[in-house]
Amino acid sequence: MSKIRAAITGVGGYVPDYILTNEELSTMVDTTDEWIMSRIGIKERRILKEEGKGTSDLAVRAIENLLEKTGTKAEEIDLLICATITPDYQFPATANIITDKLGMKNAFSFDLNVACSGFIFALSTASKYIETGSNKKVIVVGAEKMSSIIDYTDRNTCAIFGDGAGAVLLEPTTEELGIMDSILENDGAGRKHLHKKAGGSLKPASHENIDAREHFVYQEGQPVFKFAVTKMADVSVEIMEKNNLTADDISWLVPHQANLRIINATANRMGLKDKSKVMINIQKYGNTTAATIPLCLLDYEKQIKKGDTLILAAFGAGFSWGSIYLKWAY
Ligand code: UT7
């Protein structure tokens with residue numbers, strides 16, 4: 001009997017309308033378009049401004065787009081995994097809210113918190129449910145309202161992040177297509193360089209810690225950058241070597257969009273000379289954390305061909321990092 005693999009059979013996405021440009025940011029903090037473009041590579045990012053809307057609303061719109069494109073009914077979905085670090089509430093899971101809003105009556109659902117590596121960890125997890133035969137139509141959504149945890153008086157972080165959601169549908173296939181391999185890794189000692197100080201069980205929200213702005217993202221850029229450059233490249237090369245792939249075999253690198261310099265370093269280490277094989281949309285969306293990779297897949301969907309070899313790679317808080325090798329199925 002041939003092996004069952006999990007194939008991506010559709011991609012959907014949504015970004016809010018409001019565009020926060022570098023020009024507008026430079027009226028809020030001491031920064032310039034030149035600094036942001038040369039150090040990070042971001043021109044603008046999207047912000048969810050609508051009152052009373054959270055991450056689940058971004059995810060719902062991305063999934064509606066996915067269901068419509070693939071001609072799938074909400075009741076057909078049997079599992080939904082939401083990768084996010086900006087859940088609507090600390091509990092219940094945002095995934096539970098999404099399935100309720102969309103009428104996914106036959107799906108169980110849960111959230112997965114692995115920050116910028118969240119989509120890769122969620123996709124790898126979802127693939128196991130398909131490979132074992134226990135699930136047939138699974139949605140993985142990466143969704144973030146990063147603007148809800150960003151301090152727009154802190155120039156070290158506010159230029160980087162944006163809001164958005166991207167989703168994929170996974171279905172079983174017995175062809176030599178779909179998710180072929182994944183590598184997932186963590187080093188929790190890295191948490192000191194990138195975290196949100198207050199609002200969890202360790203330091204519950206208080207007037208004092210809110211006044212101290214500890215309910216926002218805290219990042220020490222340089223140590224995170226050093227780890228990100230090394231680990232994202234290492235794990236991408238490792239998955240190539242493990243599967244006997246050379247740079248010529250790779251149709252697309254789909255990197256997490258944190259910094260154009262990290263993306264270029266990863267592509268170089270993999271030996272990808274043709275930079276048009278590297279999916280990049282950081283300039284228009286910034287770092288949407290768990291949503292960057294599916295939003296890239298959506299932007300490049302028309303150019304990807306059945307059988308194409310893709311390497312997905314990410315690095316994020318935790319620290320966490322990982323890669324996925326997959327063959328495009330449509
Ligand atoms: O996706 C999750 C994982 N996160 C990452 O992968 C992020 C990794 N880190 C980075 O991408 C970069 O470290 C940053 C983009 C965050 C920062 O770039 P950098 O080149 O490492 O700058 P830096 O932190 O070393 O700061 C250099 C200077 C500092 O000024 P002083 O102390 O030299 O006077 C910063 O205050 O640049 C200053 N700076 C800015 N200046 C203008 C920091 N942010 C800004 C800004 N505009 N937005």
Side-chain angles (χ1 to χ4, degrees), residues 20-45 83-86 113-121 142-147 149-164 166 184-196 216-236 254-267 269 279-283 285-296 312-323:
L20 175 58
T21 61
N22 289 349
E23 284 68 32
E24 186 179 351
L25 264 181
S26 59
T27 67
M28 297 155 67
V29 291
D30 182 13
T31 191
T32 60
D33 175 59
E34 199 280 326
W35 193 96
I36 300 170
M37 281 303 287
S38 62
R39 305 306 294 166
I40 323 177
I42 301 171
K43 197 78 191 156
E44 57 193 40
R45 63 293 286 148
T84 189
I85 55 161
T86 50
N113 171 339
V114 200
C116 293
S117 309
F119 186 78
I120 293 221
F121 277 61
E144 304 284 6
K145 185 180 168 185
M146 289 304 293
S147 59
I149 56 166
I150 293 301
D151 181 353
Y152 287 95
T153 66
D154 175 15
R155 71 174 182 173
N156 289 302
T157 50
C158 72
I160 301 171
F161 297 96
D163 301 341
L184 309 177
E185 296 188 57
N186 296 95
D187 180 358
R191 68 187 181 280
K192 62 178 178 289
H193 302 299
L194 180 53
H195 58 271
K196 184 158 87 71
F216 292 123
V217 169
Y218 169 81
Q219 175 169 256
E220 293 161 10
Q222 280 196 10
V224 178
F225 185 88
K226 273 185 206 152
F227 262 90
V229 156
T230 311
K231 295 299 184 188
M232 207 163 109
D234 281 354
V235 81
S236 307
V254 196
H256 170 53
Q257 311 282 303
N259 189 314
L260 198 52
R261 290 182 288 147
I262 299 173
I263 295 171
N264 289 336
T266 302
R269 273 279 304 285
M279 295 190 189
I280 294 171
N281 62 11
I282 189 172
Q283 71 287 353
Y285 299 145
N287 182 348
T288 54
T289 305
T292 59
I293 289 177
L295 283 173
C296 268
L312 281 45
F315 178 89
F319 292 138
S320 59
W321 61 98
S323 58

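All values derive from a computational prediction rather than experimental measurement. As the structure lists them, so they are numbered: ligands from 1, and atoms in each ligand from 1.
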| task | Report the member of Cys158, Ala258, Gly221 with the shortest heavy-atom distance to atom 9 (N) of ligand 1. | result |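 Residue with the shortest heavy-atom distance to the ligand atom: Gly221.
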| field | Closest candidate by heavy atom, reference atom 8 (C) of ligand 1, pool Phe315, Phe225, Trp321, Phe161 | value |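 Selected option, by shortest heavy-atom distance: Phe225.
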Would you confirm whether [X], through its side chain, and [Y], through its main-chain N or O, come within 3.5 Å as a donor-acceptor pair?
X: Gln257; Y: Met279; value: yes
X: Arg155; Y: Asp30; value: yes
X: Thr288; Y: Gly162; value: no
X: Thr86; Y: Lys145; value: yes
X: Thr84; Y: Glu144; value: no
X: Arg261; Y: Arg39; value: yes

Part of [X] within contact of ligand 1 (heavy atoms, under 4.0 Å):
X: Asn259; result: side chain
X: Ile262; result: side chain
X: Thr289; result: neither

Considering heavy atoms of the protein only, find what lies nearest to [atom] and give residue, atom and distance to 0.1 Å.
atom: atom 36 (O) of ligand 1; answer: Arg155 NH2, 2.9 Å
atom: atom 47 (N) of ligand 1; answer: Thr31 OG1, 2.6 Å
atom: atom 20 (O) of ligand 1; answer: Arg39 NH2, 2.8 Å
atom: atom 17 (C) of ligand 1; answer: Trp35 CH2, 4.0 Å
atom: atom 5 (C) of ligand 1; answer: Val224 CG1, 3.6 Å
atom: atom 24 (O) of ligand 1; answer: Gln222 CG, 4.3 Å
atom: atom 4 (N) of ligand 1; answer: Gln219 OE1, 3.1 Å
atom: atom 19 (P) of ligand 1; answer: Arg261 NH2, 4.0 Å

Output the list of atoms in ligand 1 that are nearer than 4.0 Å to some heavy atom of [X], sorted by atom number.
X: Ile40; result: 15 (C)
X: Asn156; result: 35 (C), 36 (O), 43 (C), 44 (N)
X: Asp30; result: 42 (C), 47 (N)
X: Ile160; result: 16 (C)

| With the threshold set at 4.0 Å, does a side-chain nitrogen-carboxylate oxygen contact exist between Asp163 and Arg45? |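 Looking at Arg45 together with Asp163, the answer is no, because their closest N to O distance does not fall below 4.0 Å.
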| Pair Arg269 + Asp234: basic N to acidic O under 4.0 Å |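 Yes, Arg269 and Asp234 are salt-bridged.
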| said: I'd like to know whether ligand 1 has Thr157 as a neighbour, heavy-atom separation below 4.0 Å. | reply: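 The answer is no, since Thr157 has no heavy atom less than 4.0 Å from ligand 1.
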| field | Min heavy-atom dist His256 to ligand 1 below 4.0 Å | value |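 Distance cut 4.0 Å: His256 passes for ligand 1.
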Does the protein put a heavy atom less than 4.0 Å from [atom]?
atom: atom 27 (C) of ligand 1; result: no
atom: atom 31 (P) of ligand 1; result: no
atom: atom 2 (C) of ligand 1; result: yes

| field | Any residue meeting ring-ring contact (aromatic ring centres under 6.0 Å, His included) with Phe227, in chain and number order, not counting sequence neighbours | value |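 Partners of Phe227 under the ring-ring contact (aromatic ring centres under 6.0 Å, His included) test: Phe319.
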| task | Mind listing the closest non-hydrogen atom pair of Ser320 and Asn186 along with its distance? | result |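 Closest approach of Ser320 to Asn186: CB-ND2, 3.4 Å.
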| Run the side chain to side chain donor-acceptor pair (under 3.5 Å) check on Gln283 and Tyr285 step by step: do they pass? | CA-CA 6 Å; Gln283 71 287 353; Tyr285 299 145; over 6 Å; no
| So do Val224 and Phe315 actually touch side chain to side chain, heavy atoms under 4.5 Å? |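 Of all side-chain heavy-atom pairs linking Val224 with Phe315, at least one is under 4.5 Å.
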| task | If the plane angle is over 60° it's perpendicular, under 30° parallel, otherwise tilted; pick one for His195 and Tyr218. | result |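 If you compare the ring of His195 with that of Tyr218, the planes turn out tilted.
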| Thr32 to ligand 1: N or O pair under 3.5 Å? |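 So ligand 1 has no N or O lying under 3.5 Å from an N or O of Thr32.
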| Residues that Arg191 engages under salt bridge (charged side-chain N to carboxylate O under 4.0 Å, His left out), provided they are two or more places apart |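 Expected list: none.
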